[in-house]
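Heads up: the structure comes next, in structure tokens.
Order of the sequence lines fixes the chain letters, A, B, ..., with proteins taken first and strands second; residue numbering starts at 1 for each chain. Quick note: numbers below take in every heavy atom, side chains included, and nothing from hydrogens, waters or symmetry partners. Predicted model only: the values in this text are computed from it and were never measured.
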Amino acid sequence: MARLTEPLEGMRRHSEPALLVLVSLADKPRHGYSILADIERLSGTRLGPGTLYGAIARLEQRGFIEPLESSDRRKPYRLTEPGERALRTQLAAMKAVVGEGLRRIATA
Amino acid sequence: MRWASLLRLYPRRWRDRYEDEMSAVLEEGAPSLRDGLDLLRGAIETRLFAASTDEPRHALRGDMVGEVLDHPVPSRSSVVAAALLLLLPATFLLSVTLKYGLGHDSLFDSLEGVWTFRPIEYATVLSPLAALTLSAAPALRATFERDGRSVKGALVVRAEALRIVVAAVSAGMLLLFFVYFLTENF
């Protein structure tokens, strides 16, 4: 099984924001403010703009997301195939840990 | 305060790529002090650890590739600042060498009042240390990973020639001052 942090390894403090960005882009492309609002809605976490773009830059650098052409300043991003694979791997690892944690709590 | 002005603290290449988007995000929301501090931290982090948008110029083998991708070549501003810091100790060493090595005392003597002024004296000795830190720190990335009972470590260095030269000169000056201190005091 993949280690919990393997797909986003090396991102350090950016790994959690990066995961949230990947999740936010999983269903459709979004631009910066829309990603922030979506992340706040789905996780209750309010990312700062510096943290958001720190994560976006690292994800883009790894080829996990890519910008779409836009005439607007608000450039939308979409998940790439490697990004989708990384997200699936990460979520599967987290799901296994969550499942095991819940099972242990239930039997404690 | 207009928080967007903090975007000017980011490196030029970063701003070319992300400034418009980040400005749009700030305009759409109601940025708070927390957002301002987040921008400040992002700018410092981007400069110090060079999370630039550059493609990596070199790729190393195996496990190191991930680290290299996460550690692009740092921007030049810190090494330029480091080089400027070396001007003061370089002038001191040049004047000392001219006077005591070659017998030309005019430069040293004309600046004698400068060299004996205590703050300048401290700055002359500490400048190479600051320059070494400024030139070397952004180029280094140490990583450690626990694997069972052992700890694996890697030191990734990504630096242009200029950064290496400034770091080497700074280290050389520090060594000279250290030797001078030892010979004068022991």
Positions in residues 26-34 of chain A that reach chain B, provided some heavy atom is under 4.5 Å away: A:His31, A:Gly32, A:Tyr33

Cluster link B:Leu98 to B:Val114, ILVMFWY, side chain under 4.5 Å: yes

Test item: B:Asp20 side-chain N/O and A:Arg73 main-chain N/O as donor-acceptor pair under 3.5 Å: no

Where B:Tyr18 and A:Ala57 come nearest, the two heavy atoms and their spacing: OH-CA, 3.3 Å

Nearest atoms (heavy-atom pairs only) where A:Gly50 meets B:Met22: CA-CE, 4.2 Å

Stepwise side-chain contact (heavy atoms from CB on, under 4.5 Å) check, B:Glu27 with A:Arg74: CA-CA 11 Å; B:Glu27 284 166 22; A:Arg74 305 182 312 165; over 6 Å; no

Pairing residues for A:Tyr77 by the ring pair (Phe, Tyr, Trp, His ring centres under 6.0 Å) criterion, not counting sequence neighbours: none

Neighbour count >12 (heavy atoms, 6.0 Å) for atom CD, A:Glu100: yes

Under-4.0 Å salt bridge between A:Arg46 and B:Asp35: yes

Linked, directly or transitively: B:Leu86 and B:Leu162 (ILVMFWY side chains, under 4.5 Å): yes

For the student: nearest non-hydrogen atoms of A:Gly48 and B:Asp38, plus distance: C-OD2, 3.0 Å

Residues of residues 166-177 of chain B near chain A, each having a heavy atom less than 4.5 Å away: none

Joint cluster assignment, B:Val125 & B:Leu94, ILVMFWY side-chain distance < 4.5 Å: no

Note, B:Arg17 side chain near A:Pro67 side chain (heavy atom, < 4.5 Å): yes

Donor-acceptor pair between A:Tyr53 and B:Glu19 side chains, under 3.5 angstrom: no

Toward chain A, the part of B:Leu37 with a non-hydrogen atom under 4.5 Å: neither

Listed partners of B:Glu112 passing salt bridge (charged side-chain N to carboxylate O under 4.0 Å, His left out), at least two apart: none

A:Phe64-A:Met94 co-clustered via ILVMFWY side chain contacts under 4.5 Å: yes

Single-linkage hydrophobic cluster, 4.5 Å side-chain cutoff, B:Leu88 and B:Leu85 together: no

Which portion of A:Ile35 sits near chain B, non-hydrogen atoms under 4.5 angstrom: neither

Distance (rounded to the nearest 0.5 Å) between A:Thr51 OG1 and B:Arg41 CZ: 5.0 Å

